[in-house]
Amino acid sequence: MGYSTGLVCRVCGKRYEESPLYVCEDCFGPLEVTYDYEFLGRKFSPETISRGPKSMWRYWPLLPLQGEPKVGLEVGFTPLFHAKRLGDALGLKRLFIKNDAVNHPTLSFKDRVVAVSVSKAVEFGFDTVACASTGNLANSLAAQATAAGLRSLIFIPADIEEAKIVGTSVYGTEVVAVRGNYDQVNRLCSEVASQYQWAFVNINLRPYYSEGSKTFAFEIAEQLGWQCPDHIVIPVAGCSLLTKIWKGLTELEKLGWIPKNKARLYAAQPSGCSPVATAVKNGWDTIKPVKPNTIAKSLAIGNPADGLFGLRAIRQSGGYAEDVSDREIIEGILLLAKTEGVFTETAGGVVVAATRKLVRQGRIGKDDLTVLAITGNGLKTQDALVGATRRPSTIDPTLEDFVALEEQKERRQRENVSLG
Ligand SMILES: *Cc1c(COP(=O)(O)O)cnc(C)c1O
């Protein structure tokens with residue numbers, strides 16, 4: 001028995017019974033899940049939650065399932081750690097990394113939203129799940145649908161990273177590569193969804209899907225000792241993660257499990273696809289869609305579905321947004337790897353590089369408790385680093401060759417010193 005009480009329109013407030021519905025019949029506004037917070041707050045507390053499983057399911061009372069989860073039992077409760085060396089490099093004393101690059105089973109935060117939406121699809125009785133994806137969602141849905149014994153169909157832009165294509169096809173799922181960008185793939189999927197009785201997890205199950213993102217915020221708060229950080233820097237594509245981090249922290253405040261939701265939220269986007277950052281910087285109340293052109297393919301959504309709600313959350317929180325060039329993205333990936341030993345994908349590079357800008361602008365202070373949302377793994381976007389890392393020195397298997405290599409290195413260092 002769950003604690004969700006149905007769906008509500010985020011625009012006009014009309015209420016609906018729980019069903020695979022995602023837009024309001026009256027005003028076409030997006031729907032979201034509601035809960036009986038009062039009942040829930042009487043039955044649960046930080047203490048009872050802390051005794052739960054070491055996965056995102058410790059927060060099940062705040063997730064929209066009526067029964068047990070059907071897949072992804074191991075998803076979530078990823079590390080949050082003090083990134084001292086990266087903090088030194090950026091000038092921040094209390095910098096933390098929330099590391100979903102090591103999430104299970106497919107190394108990105110999308111494992112959270114898929115675990116919820118596939119479980120919900122099973123509750124609703126669907127036998128086929130589908131999605132429109134920029135890559136990480138594809139990986140996670142393919143893996144978890146397979147594990148649940150469901151048929152899956154996955155639609156991707158044809159030009160995403162090879163590792164993300166192989167990492168989807170390997171599960172035996174049906175992958176449809178569409179000649180077009182994500183926004184075109186998504187539009188196609190909306191049309192397909194209206195003709196076939198399939199659960200498109202990020203379209204007709206979107207209200208349930210997006211709830212999974214709240215667990216990212218819940219974990220941050222719990223891992224900080226049920227405290228709210230001062231700042232969270234978040235990579236933004238469709239703006240669902242950012243919007244739901246805000247909802248999650250607001251819920252924790254409402255339940256009294258954190259003293260106050262004081263977090264300022266920052267959207268981090270690649271300059272080649274920054275409709276949300278552009279709106280924030282210009283003070284616009286609307287999002288102007290763009291045509292993506294960036295190496296951060298996981299963030300290449302030109303017309304973000306939750307953009308307006310994201311804008312609202314950013315403003316309400318007192319946060320801001322920044323965008324960074326492809327070159328800065330690569331620098332961000334390298335900086336995180338070389339300081340903390342964490343290899344993130346392009347989206348993580350966007351977050352690190354945007355944080356550097358926000359610190360320089362004085363928006364994030366050196367003593368503030370700051371969390372970076374690292375949402376994906378670098379092994380999937382190695383193409384982006386071609387030419388950016390040093391090639392290994394190649395030698396024959398003789399001691400002589402190795403000694404020569406070391407001597408060459410010492411000579412170079414001496415020359416650099418005398419030149420310098
Ligand atoms: C999907 C994705 C995001 C952004 O998610 P939205 O909820 O669409 O804004 C961030 N990082 C990674 C690695 C992703 O795959």
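When a residue number appears, it is its place in the shown sequence, counting from 1. Just so you know, ligand 1 is whichever comes first in the structure, and atom 1 is the first atom listed for that ligand.
- Look at Arg187 and Asp183 and you find no salt bridge, because none of the NZ, NE, NH1 or NH2 atoms lies under 4.0 Å from a carboxylate O.
- For Lys281, the side-chain contact (heavy atoms from CB on, under 4.5 Å) partners two or more places apart in sequence, or in a different chain, are Tyr320, Glu322, Asp323.
- Near Thr375, the atoms of ligand 1 lying under 4.0 angstrom from a non-hydrogen atom of the residue are 10 (C), 11 (N), 12 (C), 13 (C).
- Residue Ser108 has no nitrogen or oxygen atom sitting less than 3.5 Å from a nitrogen or oxygen atom of ligand 1, judged on distance alone.
- Heavy-atom minimum distance, Leu21 versus Pro207: O-CG, 3.5 Å.
- Contacts between Asn136 and ligand 1 below 4.0 angstrom, taking non-hydrogen atoms only, involve the side chain exclusively.
- Polar contact check, Phe109 against ligand 1: no nitrogen or oxygen pair lies under 3.5 Å apart.
- Backbone and side-chain nitrogen or oxygen atoms of Ser240 are examined, and one is located within less than 3.5 angstrom of a nitrogen or oxygen of ligand 1.
- Two residues are said to be in side-chain contact when any heavy atoms from C-beta on lie closer than 4.5 Å; Thr34 and Arg15 meet this criterion.
- Under 4.0 angstrom from ligand 1, there are no non-hydrogen atoms of Thr134.
- Ala199 approaches Ala121 most closely through the heavy-atom pair CB-CB, 4.0 Å.
- The side chain of Ala347, and not its backbone, has at least one atom closer than 4.0 Å to an atom of ligand 1 (non-hydrogen atoms only; side chain from C-beta on).
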